[in-house]
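A short worksheet on the structure shown next.
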Number of protein chains: 2
Amino acid sequence: MVTKCVNCPLARKPLFKPMSRDELAYMQRFKVGELVVDPRTSLLMEGSNSPQLYTTLRGMGLRYKTLPSGRRHVIGFVFPGDFIGLQAGVMGEMEHSVEASTSMTLCVFDRAEFWNFLKLRTDRAFDVIWLSAVEEHFLGEALATVGQRTAVEKVAWALVRFYRRGKMLHMVEHGSMPLPYKQQDLADALGLSLVHTNKTLAKLRDRQLANWSDGILSVHDVDRLAALAQDDGSEVVTRPLL
Amino acid sequence: MVTKCVNCPLARKPLFKPMSRDELAYMQRFKVGELVVDPRTSLLMEGSNSPQLYTTLRGMGLRYKTLPSGRRHVIGFVFPGDFIGLQAGVMGEMEHSVEASTSMTLCVFDRAEFWNFLKLRTDRAFDVIWLSAVEEHFLGEALATVGQRTAVEKVAWALVRFYRRGKMLHMVEHGSMPLPYKQQDLADALGLSLVHTNKTLAKLRDRQLANWSDGILSVHDVDRLAALAQDDGSEVVTRPLL
DNA sequence: CGCTAAATTGAGCCGAATCAAAAGTCGTGG
DNA sequence: CCACGACTTTTGATTCGGCTCAATTTAGCG
């Protein structure tokens with residue numbers, strides 16, 4: 001059973017800019033279907049040229065790049081509401097891969113149709129520009145993190161990101177949220193080795209700052225964790241949903 | 001004497017998508033003037049809210065973020081033709097600073113006017129989306145570099161970037177181009193210490209791979225340098241000019 | 001129960017950081 | 001014209017954060 005845009009469960013989350021019933025109904029015209037994938041499935045491959053654009057409806061995944069040497073760098077983590085495939089849509093081909101970490105459900109939009117849509121609704125085109133700018137901002141933060149922060153700061157920074165994002169998506173209950181990634185994924189995102197990431201996580205656990213085990217992240221005091229992470233920027237901005 | 005868009009010296013460089021005389025003339029309507037700054041001048045500050053958008057006409061600069069600890073990370077280097085200020089334009093305020101490394105001349109566009117412009121010319125709005133996507137791509141590469149490459153690979157990677165970009169801008173003559181940055185700038189971009197960056201540059205010089213001294217970068221064999229850098233992607237894509 | 005993948009833990013090593021100091025560069029003023 | 005100060009580049013010595021190697025434990029799962 002395919003979810004109708006009007007009933008989109010994401011639109012109600014605080015992370016997103018409110019959408020009118022009309023807007024949601026209008027989106028429906030471009031949704032050509034839903035894609036359901038199992039964990040560990042590749043959604044988009046580096047160098048591929050997918051004719052589709054997706055919005056994550058359920059589940060989580062990650063974006064990564066592979067170097068010629070075989071090493072992998074995780075560029076970012078995909079959460080519900082994230083828009084995927086814009087780069088391929090614009091640049092002709094993907095420059096990074098996207099893989100499902102959990103089982104995922106994605107809203108599928110037709111690429112060609114989508115461009116027409118943006119031409120008609122210039123306000124939505126601005127939303128896309130806005131999203132790009134936010135993503136750029138995030139990547140800048142990540143770059144500074146990987147480049148300048150120490151291991152503890154890096155891990156703390158990442159957990160704070162996860163937690164804040166989770167909160168805006170109503171995924172947090174009693175200070176805990178699901179975080180279905182492997183330690184290796186986090187290590188590859190922060191430029192740390194698996195072993196050191198593991199030991200750093202243990203350190204945060206010992207200090208009662210954050211506990212990530214069995215796919216559940218628990219944070220008692222986000223602000224204390226953020227302070228440790230040298231993280232000043234606090235609030236997550238509400239973003240448009242596509 | 002202000003340069004007229006029709007005579008824009010950048011439009012002829014191979015880096016940019018060809019623009020018709022009409023298009024150039026049209027751009028003129030949104031250019032409200034030129035800004036000339038001395039080296040070491042801050043163009044935009046983190047947290048500021050500039051009402052202007054710029055395109056770099058002459059000179060070079062860099063973008064950077066400062067962490068609460070005081071450490072600085074250089075997000076990227078500004079070359080002629082680069083568009084500056086979109087983030088502030090879209091998100092309300094800058095999340096990184098931009099500083100001039102050499103004396104710079106910038107074409108100034110009025111922000112409010114610019115939005116109207118995009119509404120009228122949807123093709124130009126796509127250009128902006130396209131630019132964002134390319135920038136995102138670059139940041140992804142940089143992230144993977146800082147996260148996964150060794151010191152030699154990092155420095156080689158950066159020099160290859162500079163060189164390729166320079167070539168597309170006709171800045172290279174006899175294998176050499178101006179590169180008016182400090183070693184500290186490169187160090188802060190790659191997440192390396194100044195000392196180690198210096199020693200790594202010396203190593204590349206010894207191996208006859210690249211020589212960057214006195215603000216001049218000389219590369220004998222880009223491909224060999226790129227191979228060392230674990231860099232597969234080769235050509236620089238032509239981009240729209242704003 | 002054996003098999004495979006993920007998380008842990010310990011030991012030793014190395015790439016890059018830090019510390020320290022010298023040497024080259026350049027503008028400025030006496 | 002030279003001396004002075006401020007900055008950048010270079011070089012050497014030493015230290016350490018995080019990596020690699022290696023082995024063990026824990027957690028599903030057919």
Side-chain angles (χ1 to χ4, degrees), chain A residues 38-40 62 67 69-74 99 101-103 145-159 178-206 210-218 228 230, chain B residues 38-40 62 67 69-74 99 101-103 145-159 178-206 210-218 228 230:
Chain A
D38 285 331
R40 315 244 111 252
L62 45 80
L67 299 195
S69 65
R71 308 191 65 168
R72 170 185 90 148
H73 189 90
V74 171
E99 184 181 295
S101 294
T102 66
S103 137
T145 296
V146 175
Q148 310 297 337
R149 283 187 237 256
T150 65
V152 201
E153 289 169 359
K154 287 182 188 181
V155 173
W157 177 84
L159 296 185
L179 192 63
Y181 298 104
K182 292 181 287 182
Q183 295 187 356
Q184 183 71 64
D185 296 331
L186 184 58
D188 288 347
L190 298 175
L192 294 173
S193 73
L194 167 61
V195 174
H196 200 60
T197 302
N198 177 290
K199 287 172 179 168
T200 305
L201 283 166
K203 213 169 285 178
L204 293 179
R205 212 174 292 136
D206 289 346
N211 185 336
W212 177 31
S213 4
D214 307 309
I216 304 289
L217 169 67
S218 304
L228 178 66
Q230 297 270 348
Chain B
D38 285 330
R40 315 243 111 253
L62 46 81
L67 299 196
S69 63
R71 307 192 65 170
R72 170 186 89 149
H73 190 91
V74 170
E99 183 180 295
S101 294
T102 66
S103 138
T145 296
V146 176
Q148 310 297 337
R149 283 186 238 256
T150 65
V152 201
E153 289 168 358
K154 286 183 188 180
V155 173
W157 177 85
L159 296 185
L179 193 64
Y181 298 105
K182 291 182 286 181
Q183 294 187 358
Q184 183 72 65
D185 296 330
L186 184 59
D188 288 347
L190 298 174
L192 294 173
S193 73
L194 166 61
V195 174
H196 200 60
T197 302
N198 178 287
K199 287 172 179 169
T200 304
L201 283 167
K203 212 169 286 178
L204 293 179
R205 212 173 293 136
D206 288 347
N211 184 338
W212 176 32
S213 4
D214 307 309
I216 304 289
L217 170 66
S218 304
L228 177 66
Q230 298 269 350

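For clarity, every value in this text was computed on a predicted model and none was experimentally measured. Proteins come first, then strands; the chains are lettered A, B, ... in the order of their sequence lines, and each starts at number 1.
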Separation of dA5(C) P from Gln184(A) CD (nearest whole Å):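 It works out to 14 Å between those atoms.
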d(CD, Gln183(B); P, dT25(C)) in whole Å: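 Taking atom P of dT25(C) as the reference, CD of Gln183(B) is at 13 Å.
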Range on DNA chain D touched by chain A, heavy atoms, distance below 4.0 Å: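 Contact boundaries, 5' end first: dG18(D) to dC21(D).
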Heavy-atom donor-acceptor pair, Gln148(B) side chain to Arg71(A) backbone, under 3.5 Å: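 Side chain of Gln148(B) to backbone of Arg71(A): no pair is present.
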Donor-acceptor pair, side chain of Asp188(A) and main chain of Asp185(A), under 3.5 angstrom: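 Absent.
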Nucleotide N/O to protein N/O under 3.5 Å, stretch nucleotides 14-24 of chain C:
{"unit_1": "dA16(C)", "atom_1": "OP1", "unit_2": "Ala151(B)", "atom_2": "N", "d": "3.0"}
{"unit_1": "dA16(C)", "atom_1": "OP2", "unit_2": "His196(B)", "atom_2": "NE2", "d": "3.4"}
{"unit_1": "dA17(C)", "atom_1": "OP1", "unit_2": "Gly191(B)", "atom_2": "O", "d": "3.4"}
{"unit_1": "dA17(C)", "atom_1": "OP1", "unit_2": "Ser193(B)", "atom_2": "N", "d": "2.9"}
{"unit_1": "dA17(C)", "atom_1": "OP2", "unit_2": "Ser193(B)", "atom_2": "N", "d": "3.1"}
{"unit_1": "dA17(C)", "atom_1": "OP2", "unit_2": "Ser193(B)", "atom_2": "OG", "d": "2.8"}

Degree of bending, the helix from dC1(C)-dG30(D) to dG30(C)-dC1(D) (end axes from five pairs; round to 10°):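 Rounded to the nearest 10 degrees, the bend comes out at 30°.
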Minimum heavy-atom distance Ser101(A)-Pro39(A), with the two atoms named: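 For Ser101(A) versus Pro39(A), the nearest heavy atoms are O-CB, 3.5 Å.
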For Trp212(B) against Leu179(B), the heavy-atom pair lying closest together: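 Trp212(B) and Leu179(B) have their closest heavy atoms at NE1-O, 3.1 Å.
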Touch class at under 4.0 angstrom, heavy-atom based, for Arg205(B) against every strand present: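 Sugar-phosphate contact only.
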Approximate separation, where rounding is to 0.5 Å, of His73(A) NE2 and Arg149(B) CZ: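 Spacing of NE2 (His73(A)) from CZ (Arg149(B)) equals 11.0 Å.
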Atom pair CG (Asn211(A)) and CD1 (Ile216(A)), whose distance is rounded to the nearest 0.5 Å: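 Going from CG on Asn211(A) over to CD1 on Ile216(A), the span is 10.0 Å.
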Pair up each side-chain donor or acceptor in residues 197-205 of chain B with any protein partner under 3.5 Å, not counting sequence neighbours, and list the distances.
{"unit_1": "Thr197(B)", "atom_1": "OG1", "unit_2": "Ser193(B)", "atom_2": "O", "d": "2.8"}
{"unit_1": "Asn198(B)", "atom_1": "ND2", "unit_2": "Gln183(B)", "atom_2": "OE1", "d": "2.9"}
{"unit_1": "Thr200(B)", "atom_1": "OG1", "unit_2": "His196(B)", "atom_2": "O", "d": "2.7"}

Residue whose nearest DNA chain D nucleotide is more 5′ - Ala202(B) or Lys182(B):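 Comparing both residues, the 5'-ward one is Lys182(B).
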With Glu99(B) via side chain to side chain donor-acceptor pair (under 3.5 Å) - residues at least two apart: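 In terms of side chain to side chain donor-acceptor pair (under 3.5 Å), with neighbours along the sequence ignored, Glu99(B) is linked to Arg40(B).
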Asp214(B) atom CG, over 12 foreign heavy atoms within 6.0 Å: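 For Asp214(B), atom CG is not crowded (no more than 12 foreign heavy atoms under 6.0 Å).
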Table please: side-chain donor-acceptor pairs of residues 151-158 of chain A below 3.5 Å, with sequence neighbours left out.
{"unit_1": "Glu153(A)", "atom_1": "OE1", "unit_2": "Thr150(A)", "atom_2": "N", "d": "3.1"}
{"unit_1": "Lys154(A)", "atom_1": "NZ", "unit_2": "Val146(A)", "atom_2": "O", "d": "3.3"}
{"unit_1": "Lys154(A)", "atom_1": "NZ", "unit_2": "Leu190(A)", "atom_2": "O", "d": "3.2"}

